[in-house]
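In what follows, a single structure is set out as structure tokens and then discussed.
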Amino acid sequence: MPELPEVETTKRGIEPHITNKRVKEVIIRQKRLRWDVPNSLSAGLTGHSITTVNRRGKYLLLESTKGTLLIHLGMSGSLRIVNSELVADKHDHVDIVFDNGKALRFTDPRRFGCLLWEQDTIESHPLLANLGPEPLSEDFDSSYLYKVSRGRSAAIKTFVMNSKVVVGVGNIYAAEALFMAGINPKRAAGKVSKATYEKLIPCIKEILQNAINLGGTTLRDFTNSSGEPGYFKQSLNVYGRGGEECVQCKRLLTEIRLGQRSTVYCKNCQK
DNA sequence: ACTTCGACCTGTTGGC
DNA sequence: TGCCAACAGGTCGAAG
């Protein structure tokens, strides 16, 4: 489900509702996720307050004075602010209940997401330690991408979706950025010129920033923490449009699979 | 060191 | 209408 814009949208939605709020109780209804929700989460958070909400790639980091709650939404995860009395549904895994009667509710039908509790320094957590730069930061530029791509045979789309290269670029926005930049997603990353990376970088940044501004992309079920959809779907030029007309040249868009992910592009506009 | 692929899950969709 | 295969916003970890 969520790529960086959807995670950022979620972060902005929950942040004002949970910052400096004391946790009354942690209810773990269904601990089975990618990794089991640890029992230490309840003991660690109860009675303490969330001090800061950070995002690193697609991970949300809810920091308290006692430790950090690390959350990943996987493919189908979401976080909402609800009244704590609201009856839980089938796939509602965890409630972080606050003193004011509100709760942060984590829902995830496919269970590819995770909630982990980390007492020590969060930066050194194995899931975070090897992540690449943030795509919207200055560290992510054409020199960097050119340098790390040398000798790599992977398709450029697969390459930019690799979180060790850059975080947060998933299947939707990789396809959209490559279309905007006019680059064929199949091209070997290691053979792409510096000049072409100079074209690609601002496209990735612009696509992600636009999507954040519009509250993310709602395909089937993504909503923000208040239950509203994102409006970036209407800006999609290639994702999910295989066989339809290219918005630029009107030829039919090609759909292939790259790295087990469906990939749509225009053979005419993307070289 | 890098690439590929299976695995993890449930829900929805499209073809017959 | 029903059934079933294919597919879905991610990514870890094993195997090559």
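Every chain is numbered from 1, with letters handed out A, B, ... down the list of sequences.
With rounding to whole Å, A/Leu60 atom CG is found 15 Å from C/dG10 atom P. Rounded to a whole Å, the CG atom of A/Leu258 is 15 Å from the P atom of C/dC7. In this structure, A/Leu4 places its CG atom 10 Å from P of C/dT11, rounding to the nearest Å. Rounded to an integer number of Å, the gap from CZ of A/Arg261 to P of B/dC5 is 14 Å. The NE2-P distance, from A/His72 to C/dT11, rounds to 4 Å in whole Å. Residue A/Lys164 contributes atom NZ, which lies 9 Å from atom C1' of C/dC12 at whole-angstrom precision. Rounded to whole angstrom, the span from the CE atom of A/Met161 across to the P atom of C/dA8 amounts to 11 Å. The NZ-P distance, from A/Lys233 to C/dG9, rounds to 13 Å in whole Å.
There is no side-chain donor-acceptor pair under 3.5 Å between A/Lys194 and A/Ser142. A/Tyr173 and A/Thr217 are linked by a side-chain donor-acceptor pair at a separation below 3.5 angstrom, with hydrogens and angles left out of the test. Defined by atom type and a distance below 3.5 Å, a donor-acceptor pair is missing between the side-chain atoms of A/Asn54 and A/Lys11.
Taking a cutoff of 4.0 Å between a charged side-chain nitrogen and a carboxylate oxygen, A/Arg56 and A/Glu123 do not qualify as a salt bridge. Between A/Asp36 and A/Lys31 there is no salt bridge, since none of the side-chain N atoms of the basic residue sits less than 4.0 Å from a carboxylate O of the acidic one.
If you check every strand for non-hydrogen atoms under 4.0 Å, A/Tyr173 touches nothing. Within 4.0 Å of A/Phe232, counting heavy atoms only, lies no atom of the nucleic acid at all. Contact annotation for A/Thr158: no contact, since no heavy-atom pair falls under 4.0 Å across all strands.
In this structure, the separation between OG on A/Ser40 and CG on A/Leu45 is 9.5 Å, given to the nearest 0.5 Å. Here A/Lys233 contributes atom NZ and A/Ile172 contributes atom CD1; the two are 9.5 Å apart, rounded to the nearest 0.5 Å.
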Any N/O pairs under 3.5 Å between the protein and nucleotides 6-10 of chain B? List them or say none.
residue : atom : partner  : partner atom : Å
B/dG6   : N7   : A/Gln260 : NE2          : 3.2
B/dC9   : OP1  : A/Arg32  : NH2          : 2.4
B/dC9   : O3'  : A/Arg111 : NH2          : 3.4
B/dC9   : O2   : A/Arg110 : NE           : 2.9
B/dC9   : N3   : A/Arg110 : NH2          : 3.4
B/dT10  : OP1  : A/Arg111 : NH2          : 3.0
B/dT10  : O4'  : A/Pro109 : O            : 3.3
B/dT10  : O3'  : A/His91  : NE2          : 3.2

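Contact check for A/Thr218 versus A/Phe232: no side-chain heavy atoms found under the 4.5 Å cut-off.
Taking the ring axis of A/Tyr239 as reference, the NZ or CZ atom of A/Arg241 does not stay both within 45° of it and closer than 6.0 Å to the ring centre.
The side chain of A/Arg152 lies closest to B/dT3, out of C/dA8, C/dC12, B/dT3. Picking from C/dC12, C/dG9, C/dA8 the nucleotide with the shortest atom distance to the side chain of A/Leu127 gives C/dC12.
A/Arg251 meets the salt bridge (Lys or Arg N to Asp or Glu O under 4.0 Å) test with no other residue; sequence neighbours excluded.
A gap of 15 Å separates the P atoms of C/dC7 and B/dC5, to the nearest Å.
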Fill in the dot-bracket string of DNA chain B, one character per base: . for unpaired, | for a pair to another strand, ( ) or [ ] for pairs within the strand, taking Watson-Crick or G-U pairs under 3.5 Å. .|||||||.|||||||
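A close approach under 4.0 Å does not occur between any side-chain nitrogen or oxygen of A/Ser76 and OP1 or OP2 of B/dG11. Between A/Ser163 and C/dT11 there is no side-chain polar atom (N or O) within less than 4.0 angstrom of OP1 or OP2.
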